Amino acid sequence: MRSRFVLVLVSTVMGLLIVTGCAADPEPSPAPHGSSSSAVALPPTGAEMDYQLGGAYSPPDGVAVVARDRTEARPDVDYAICYVNGFQTQPGEQADWPSSVLLRDESGDPVIDPDWPDEVLLDTRTSASRAAILEVVGPWIDGCSAAGYNAVEFDNLDTYTRSDGVLTRADAITLARAFVARAHADGLAAAQKNAAEDVVAMHAKAGFDFAVTEECAQFDECSAYTDVYGPHVLDIEYTDAQDVPITTLCRDRPDGMSAVLRDRDLVSPDDSAYVRQSCPAE
């Protein structure tokens, strides 16, 4: 799960190691438009949705779209989205990554996301590093397909913004493009997760098919996504940040966009902190 406060983020990462002679790759060209994405199914528009990254449970009646972590079984719904963290390590999984792909500071220590202290940034600067990252993430994407999911959402596309200028958007797009190609080859649609400021480039150059957003209503960003992806946008708002009722959120959302209000930790219904209120299907 991820909630990026773009307007107030201040990087606290200092002293990152910059490899001498390592120039940034040029901005990637637009993704080719062809048969690679023509066969994938997009999520239904205006559908009732749920977001279950904090733990899987039986979807409530009427829910047609559910997102779950890649380690969870596919839910029994019309459209299932598989969550993959492709640009940072997941909590407790740092040891699963080759040491060479972990971004390190000048002391040789892994660079930690300042907002998520148990996640290490991945080093996307070179083609060799990106290939090594794909060797890890590629089988995860394949696993989403084998499990019967319809799509995969790739989180932390904007990790480069938390690297104190060491990582670049161009390298993030290049890696994202490889992820999207792998998803399409597996018959999966590919969702851009957050990164409203990069939505045009992520769609045109990486080839994403739709968007999963967090708090686009809270930060008045929903139109940035719908301008690019039309109604194929799914938004998650959080109770600790929203002070308007779900009825108002549903009334004001762009036509066809799905939206749900959840507790910040996305816990399951057996937890007293559980909250889930969804816009009804259109």
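Fair warning: this is a prediction, and the values are worked out from it, not measured in the lab.
Take Ala56 and apply the side-chain contact (heavy atoms from CB on, under 4.5 Å) test, not counting sequence neighbours, and it matches Gln52, Arg68, Glu72. Residues meeting the salt bridge (charged side-chain N to carboxylate O under 4.0 Å, His left out) test with Arg262, sequence neighbours left out: Asp50. Scored by the salt bridge (charged side-chain N to carboxylate O under 4.0 Å, His left out) test, Glu135 finds no partners at all (sequence neighbours excluded). Every salt bridge (charged side-chain N to carboxylate O under 4.0 Å, His left out) that Asp142 has, sequence neighbours left out, goes to Arg182. Judged as a side-chain hydrogen bond (donor to acceptor under 3.5 Å, both in side chains), and not counting sequence neighbours, the contacts of Glu153 are Tyr51, Lys193. Remark: Tyr149 engages no residue in a side-chain hydrogen bond (donor to acceptor under 3.5 Å, both in side chains) (not counting sequence neighbours). Under the ring-ring contact (aromatic ring centres under 6.0 Å, His included) criterion, Phe87 pairs with Phe179, not counting sequence neighbours. Taking the salt bridge (charged side-chain N to carboxylate O under 4.0 Å, His left out) definition, one finds that Asp270 meets it with nothing, sequence neighbours left out.
The two residues Ala217 and Asp235 make their nearest non-hydrogen contact at N-OD2, 4.0 Å. The two atoms that bring Val84 and Cys144 nearest to each other are CG2-SG, 4.2 Å, heavy atoms only. Residues Ala190 and Val180 come closest through the heavy atom pair CB-CG2, 3.8 Å. The heavy-atom pair separating Met202 from Ala176 by the smallest distance is SD-CB, 4.4 Å. Across Val152 and Ala183, no two heavy atoms sit closer than the pair CG1-CB, 3.8 Å. Scanning all heavy atoms of the two residues, the minimum distance from Ala196 to Tyr225 falls at N-OH, 3.0 Å.
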When you look at Asn150 and Arg74, which way does the side chain to side chain donor-acceptor pair (under 3.5 Å) test go after all the steps?
CA-CA 9 Å; Asn150 304 95; Arg74 185 197 190 280; 2.8 Å; yes
Take Val200 and Lys205 through the test side-chain contact (heavy atoms from CB on, under 4.5 Å) and record every step on the way to the result.
CA-CA 8 Å; Val200 172; Lys205 297 180 179 181; over 6 Å; no
Under the criterion side-chain contact (heavy atoms from CB on, under 4.5 Å), I'd like the reasoning laid out for Asn85 against Glu119: C-alpha separation, chi angles, the key distance, then a yes or no.
CA-CA 10 Å; Asn85 189 349; Glu119 297 190 18; 3.3 Å; yes
Walk me through whether Asp198 and Arg169 qualify under salt bridge (Lys or Arg N to Asp or Glu O under 4.0 Å).
CA-CA 8 Å; Asp198 293 335; Arg169 183 179 81 159; 3.4 Å; yes
Tell me, with the steps shown, if Val40 and Leu188 meet side-chain contact (heavy atoms from CB on, under 4.5 Å).
CA-CA 6 Å; Val40 301; Leu188 299 170; 5.7 Å; no
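The pair Arg125-Asp171 fails the salt-bridge criterion, with no side-chain N (NZ, NE, NH1 or NH2) lying under 4.0 Å from an Asp/Glu carboxylate O. We find that Glu237 and Arg276 are not joined by a salt bridge, their nearest charged nitrogen and carboxylate oxygen being 4.0 Å or further apart.
Legend: ring-ring contact (aromatic ring centres under 6.0 Å, His included) pairs involving residues 58-80, not counting sequence neighbours: none detected. Residue pairs meeting the side-chain hydrogen bond (donor to acceptor under 3.5 Å, both in side chains) criterion with at least one partner in residues 246-261, sequence neighbours excluded, are Arg253-Glu282.
A donor-acceptor contact closer than 3.5 angstrom links the side chains of Gln192 and Tyr229. In the model, His184 has a side-chain atom that pairs as donor or acceptor with a side-chain atom of Asp209 under 3.5 Å. There is a side-chain donor-acceptor pair under 3.5 Å between Asn156 and Arg162. Using modelled atom types and a 3.5 Å distance limit, the side chains of Tyr238 and Asp265 yield no donor-acceptor pair. Side-chain atoms of Thr213 and Asn194 form no donor-acceptor pair, as typed in the model, at a separation below 3.5 Å.
With a 4.5 Å cut-off on side-chain heavy atoms, Met257 and Pro231 do not count as touching. Tyr83 places none of its side-chain heavy atoms less than 4.5 Å from the side chain of Thr71. A heavy-atom distance below 4.5 Å is found between the side chains of Asp123 and Leu167. In this structure, the side chains of Tyr274 and Ser268 stay at 4.5 Å or more apart for every pair of heavy atoms. Looking at heavy atoms from C-beta onward, Glu215 lies out of side-chain contact with Ile236 at the 4.5 angstrom threshold.
Annotation for Val63: hydrophobic cluster partners, listed by chain and number, are Val66, Val77 (ILVMFWY side-chain heavy atoms under 4.5 Å, direct or chained). Other cluster members for Leu249: Val244, Ile246, Leu261, joined by side-chain heavy-atom distances under 4.5 Å among Ile, Leu, Val, Met, Phe, Trp and Tyr.
Remark: of the listed residues Leu175, Leu121, Leu103, Leu121 is the sole one forming a side-chain contact (heavy atoms from CB on, under 4.5 Å) with Thr159.
A continuous path of hydrophobic side-chain contacts links Leu42 to Met49 [ILVMFWY only; heavy atoms under 4.5 Å].
Although no hydrogens or angles enter the test, the distance criterion places a donor-acceptor pair under 3.5 Å between the side chain of Asp113 and the main chain of Asp115. Put simply, the side chain of Ser129 never gets that close to the backbone of Thr126: no donor and acceptor are under 3.5 Å apart. Between the side chain of Asp263 and the main chain of Val275, a donor-acceptor pair closer than 3.5 Å is present.
To the nearest 0.5 Å, atom CD1 of residue Ile133 and atom CG of residue Leu102 are 9.0 Å apart. We find the OG1-CD distance between Thr239 and Gln277 to be 8.5 Å, quoted to the nearest 0.5 Å.
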